[in-house]
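This report concerns only the one structure given below.
Being a predicted model, the structure only gives us computed values, none of them experimental.
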Amino acid sequence: MGYEFEWSGDRLDALHDTDFSFEDGSAQKRLLDYETICEAYDMIERNLAPEQRPALFEMLGYAVHSACQMNRKFLYAQRNHETGGLIYAAMVFNANDKIEQLRKRYNEQLDGKWNQMISTIPPGYTAKYHQMPKLSNSPTDEYRLPDDQRHKDFSHKVDLSTLQVKEPFRLIKGIGTDWIGLQLGHPADAENSAANKLGGDFDPDDPALPRIDIPIESDASQIAVTIAVVPFWPCSGKLVNRFGMRFDGGATTVCVHDCEEWSHPWKLQVLENRRDETVVFNNPTRKKHHTLTIIMAEPGQVIQKITYGEP
């Protein structure tokens with residue numbers, strides 16, 4: 001949390017607010033999800049013998065509960081910045097106190113066997129998430145997340161788990177923002193993919209390129225689609241990551257993922273574990289039923305979320 005970069009300069013090293021929103025409920029949902037995870041952990045711990053609990057807390061409980069409180073600390077700090085409300089500032093202090101209580105429990109259990117294990121800040125450490133975020137008694141945008149780090153998720157979302165897929169497409173469970181991803185082929189096949197056999201050219205009309213049709217419904221005059229992929233970089237310098245996006249059989253937008261290691265776009269994708277492609281399609285006849293076609297070029301890309309709505 002804290003949406004911070006490290007070793008990147010004064011602007012990026014700052015602690016920023018998040019792109020979760022209290023207005024659309026995504027911030028509240030994140031907080032509730034963490035509370036639910038903590039309750040599930042607590043139930044497991046209560047059912048263990050007392051001598052087994054310290055090991056579970058060291059292995060899992062500390063991380064789970066600390067993550068919950070870290071999210072409370074930064075999301076309530078964000079709400080304090082947005083509103084200037086002192087009640088949210090009090091919640092930030094409460095979360096920070098609970099993190100210290102968790103740290104104290106870790107260090108003191110088993111007669112201090114692992115005392116200070118998680119307390120020392122190593123030389124060269126530049127992260128600031130362990131610090132208290134700055135608070136305000138009036139609304140401020142000083143800590144607002146920069147626009148290039150904000151994501152545009154629209155009101156409608158494709159349920160990837162309902163898609164009827166066949167090779168070379170496949171659904172992968174346990175990955176992505178919703179714990180399921182749509183993989184466009186297997187990356188081990190990249191050297192022999194149709195796109196590379198074409199000498200590197202990507203012709204979306206080539207019948208050799210696999211494609212999958214995804215139904216969406218909207219009668220808006222313009223429909224914006226955001227596809228969020230899990231970022232990764234090919235080991236071979238001869239390869240790139242591309243796929244095509246086509247709406248109702250129209251022109252194809254080619255989405256290309258190509259950035260230099262340690263560059264700002266690279267750091268941004270590592271930080272957020274996602275890369276977005278947003279395209280706006282016209283719907284002049286205001287028809288409701290549409291087909292979004294994803295065309296595979298180099299195999300391996302993993303789509304983790306598709307949302308759409310009015311731009």
Is the backbone of [Y] close enough, under 3.5 Å, to the side chain of [X] for a donor and an acceptor to pair up by distance?
| X | Y | result |
| --- | --- | --- |
| N80 | G85 | yes |
| N283 | K287 | yes |
| R242 | V254 | no |
| N282 | Q222 | no |
| N71 | L31 | no |
| E108 | R103 | no |

*R105 to Y62 six-membered ring, cation-pi geometry met (6.0 Å, 45°)*: no
How far apart are the closest heavy atoms of [X] and [Y], and which atoms are they?
| X | Y | answer |
| --- | --- | --- |
| P231 | Q269 | CB-OE1, 3.5 Å |
| S21 | S26 | N-OG, 2.8 Å |
| V229 | Q304 | O-NE2, 3.4 Å |
| E82 | P139 | O-CB, 3.5 Å |
| Y308 | V158 | CE2-CG2, 4.1 Å |
| T252 | G244 | CG2-CA, 3.8 Å |

Is it true that [X] and [Y] fall in one hydrophobic cluster, defined by side-chain heavy atoms closer than 4.5 Å?
| X | Y | answer |
| --- | --- | --- |
| F93 | L86 | no |
| V302 | I227 | no |
| V165 | I306 | yes |
| L110 | L56 | no |
| L102 | M59 | yes |

If you define the side chain from C-beta out and look only at heavy atoms, does anything of [X] sit under 4.5 Å from [Y]?
| X | Y | answer |
| --- | --- | --- |
| L209 | D206 | yes |
| L292 | M245 | yes |
| F247 | T253 | no |
| L135 | V92 | yes |
| L163 | F169 | no |
| L145 | D19 | yes |
| Y41 | F57 | yes |
| V280 | I223 | no |

Would you tell me whether [X] and [Y] have side-chain atoms, one donor and one acceptor, within less than 3.5 Å of each other?
| X | Y | value |
| --- | --- | --- |
| R211 | T293 | no |
| Q109 | E58 | yes |
| E298 | N241 | no |

*Should M296 and F243 be marked as a side chain to side chain contact (heavy atoms under 4.5 Å, CB included) after you check the CA-CA gap, both sets of side-chain angles, and the distance that decides it?*
CA-CA 5 Å; M296 188 182 90; F243 65 92; 5.9 Å; no
*Who pairs with Y143 by ring pair (Phe, Tyr, Trp, His ring centres under 6.0 Å), at least two apart in sequence or on another chain?*
H81
Quick test of your reading of the model: are [X] and [Y] salt-bridged, counting only N-O distances below 4.0 Å?
| X | Y | result |
| --- | --- | --- |
| E277 | R275 | yes |
| R72 | E35 | no |
| R274 | D276 | yes |
| R246 | D205 | yes |

_Does Q131 form a side chain to side chain contact (heavy atoms under 4.5 Å, CB included) with K128? I'd like the steps, not just the answer._
CA-CA 5 Å; Q131 300 175 3; K128 299 180 177 66; 4.0 Å; yes
*Could you check S221 against R286 for side chain to side chain contact (heavy atoms under 4.5 Å, CB included), going step by step and ending with a plain yes or no?*
CA-CA 6 Å; S221 60; R286 305 295 291 264; 3.7 Å; yes
Can you give me every donor-acceptor pair (side chain of residues 176-184, partner residue at least two apart or in another chain, under 3.5 Å) with its distance?
from, atom 1, to, atom 2, distance (Å)
D178, OD1, K157, NZ, 3.4
D178, OD2, K157, NZ, 3.2
Q183, OE1, R170, NE, 2.6
Q183, OE1, R170, NH2, 2.7
Q183, NE2, G300, O, 3.4

Spatial distance of atom [atom1] ([X]) from atom [atom2] ([Y]) [nearest 0.5 Å]:
| X | Y | atom1 | atom2 | value |
| --- | --- | --- | --- | --- |
| K29 | F22 | NZ | CZ | 14.5 Å |
| M70 | N96 | CE | CG | 8.0 Å |
| N107 | W114 | CG | CH2 | 12.0 Å |
| I216 | K288 | CD1 | NZ | 12.5 Å |
| M132 | I99 | CE | CD1 | 9.5 Å |
| L32 | E39 | CG | CD | 8.0 Å |

_If you apply the rule salt bridge (Lys or Arg N to Asp or Glu O under 4.0 Å), what do you find for K305 with D159, and how did you get there?_
CA-CA 8 Å; K305 183 187 290 187; D159 185 353; over 6 Å; no
*Count the heavy atoms belonging to other residues, nucleotides or ligands that lie under 6.0 Å from CD of Q164, then report whether that count exceeds 12.*
no
*asked:* Which residues pass the side chain to side chain donor-acceptor pair (under 3.5 Å) test with T278, not counting sequence neighbours?
replied: T226
